[in-house]
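Written below as structure tokens is the structure these notes are about.
Both ligands and their constituent atoms are indexed starting at 1 by order of listing.
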Amino acid sequence: MIIIDSLTRIPDDFAPSVVTLGNFDGVHLGHRALFRRLTSIARTEQLQSVVCTFYPHPLKVLAPDNAPLLLNTREERRRLIAASHVDWLIEIPFDRSFAQQSPAEFVDKVLLNRLAAQKLVVGYDYAFGQGRSGTPAFLRDFCAGKGVAVDIVEPVSAAGTPYSSTRIRQLISAGRVADVLPLLGRHYNLYGEVVSGFQRGRELGFPTANISTEKELIPAPGVYVVKVRHGDLEYGGVVNVGYCPTFGCHDLSIEVHLLDYSGEIYGEKLRVYFIERLRDETAFANVNELTVAIAEDVLKARQILQRVQVVQYSEYLPSNA
Ligand SMILES: Cc1cc2nc3c(=O)[nH]c(=O)nc-3n(C[C@H](O)[C@H](O)[C@H](O)COP(=O)(O)O)c2cc1C
Ligand SMILES: Nc1ncnc2c1ncn2[C@@H]1O[C@H](COP(=O)(O)OP(=O)(O)O)[C@@H](O)[C@H]1O
């Protein structure tokens, strides 16, 4: 997949394409259905497949107070879209002046002229532009006169609930990490560097790697069973997300204790996959009670981890890629 992060870098001789448009935060199973439609049209009609999106997320620019905390970093979104076998990713730099354009201008200038779109694929509820006037119906009407077909993908759902970034964000914010698997198609995870904390973990008998991450949406405070990837190695683990009320910290921390590991990993990068929530974070009366609780968390985690495999992008619905 070729990534273009500026409109001026789109080649002048861009070959005829089929384009989908959206924010694709999460790259969940609904997005993946859209990408499958896109790549299948590209194959049968010998077009290039193009995902056209924006960076930053438009709401971060237009209404920062209402902008969602995102499920993916920019880098993660790129990797996930690349894994969907798309030919091109166009990440349009989104700013206020770009937002001034009408949907008609944008479709004409960017999609039809620069990207040589012969066909568009959009989700049933996608809308862009001022007042969300760039609806699928608008696209269909506008493009009809130009000989460009618009394929509107109907809601794809799991057990009656349409896949939705908003729904996934709500579940993660509520700590329901196990419930997002059938919507997201993989275990929610975050990536980050191990930084030093207050050095209390070792004294408790449970050293914890303190993760500093660029991920915006962190699961609700609480204790979770996790799997952790460190390079090619995989560990089971327990993580505490929160403010360590027993000690009274001010900043949110993500502290993971790796099972059956000892060594130094400061400065290393870990990816933490959230498997199941165990309990709320608690203000214990003393350090002893905290240590007993962590030991119980570890026992439960070992049981749960016996029957769990990490589901990443490529492991889910392999026949559907
Ligand atoms: C599985 C697990 C559960 C934890 N639960 C709590 C808790 O409920 N309340 C709390 O105050 N600290 C809890 N902690 C402790 C803190 O997350 C943290 O590990 C401890 O304060 C050490 O911090 P440090 O690594 O910055 O020294 C838990 C830690 C682990 C590993
Ligand atoms: N099983 C383990 N899980 C997590 N970190 C471990 C483990 N064993 C050793 N470590 C190391 O110990 C460090 C954490 O020790 P800790 O006393 O909790 O200090 P800190 O306050 O810096 O997090 C980790 O960053 C890592 O280098």
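The protein non-hydrogen atom at the shortest distance from atom 14 (N) of ligand 1 is Asn240 ND2, 3.6 Å. The nearest protein atom to atom 10 (C) of ligand 1, hydrogens excluded, is given as Thr246 OG1, 3.3 Å; this is a heavy-atom distance. Shortest contact from atom 2 (C) of ligand 1 to any protein heavy atom: Ile294 CG1, 3.8 Å. In terms of protein heavy atoms, atom 5 (N) of ligand 1 is closest to Arg279 NH2, 3.1 Å. Counting only heavy atoms of the protein, atom 31 (C) of ligand 1 lies nearest to Thr208 CG2, 3.5 Å. Gly263 O, 3.2 Å is the protein heavy atom nearest to atom 10 (N) of ligand 2. Regarding atom 23 (O) of ligand 2, its nearest protein heavy-atom neighbour is Thr208 O, 2.7 Å.
Legend: residues meeting ring pair (Phe, Tyr, Trp, His ring centres under 6.0 Å) with His187, ordered by chain and number and at least two apart, are absent. For Asp12, the salt bridge (charged side-chain N to carboxylate O under 4.0 Å, His left out) partners two or more places apart in sequence, or in a different chain, are Arg114.
Here Val256 has no heavy atoms under 4.0 Å from ligand 1, in either its backbone or its side chain. Only the side chain of Phe284 comes within contact range of ligand 1, with a heavy atom under 4.0 Å; no backbone atom does.
In this structure, Asp260 has no heavy atom closer than 4.0 Å to ligand 2.
Residue Tyr261 has at least one N or O atom closer than 3.5 Å to an N or O atom of ligand 2. The shortest N or O to N or O distance between Phe198 and ligand 1 is under 3.5 Å.
Of the candidates Glu255, Lys300, Glu296, the one placing a heavy atom closest to atom 23 (O) of ligand 1 is Glu255.
Salt-bridge annotation for Lys60 and Glu216: present, with a side-chain N of the basic residue lying under 4.0 Å from a carboxylate O of the acidic one. Ion pairing between a basic and an acidic side chain is recognised when a charged N comes within 4.0 Å of a carboxylate O; Asp179 and Arg167 show no such pairing.
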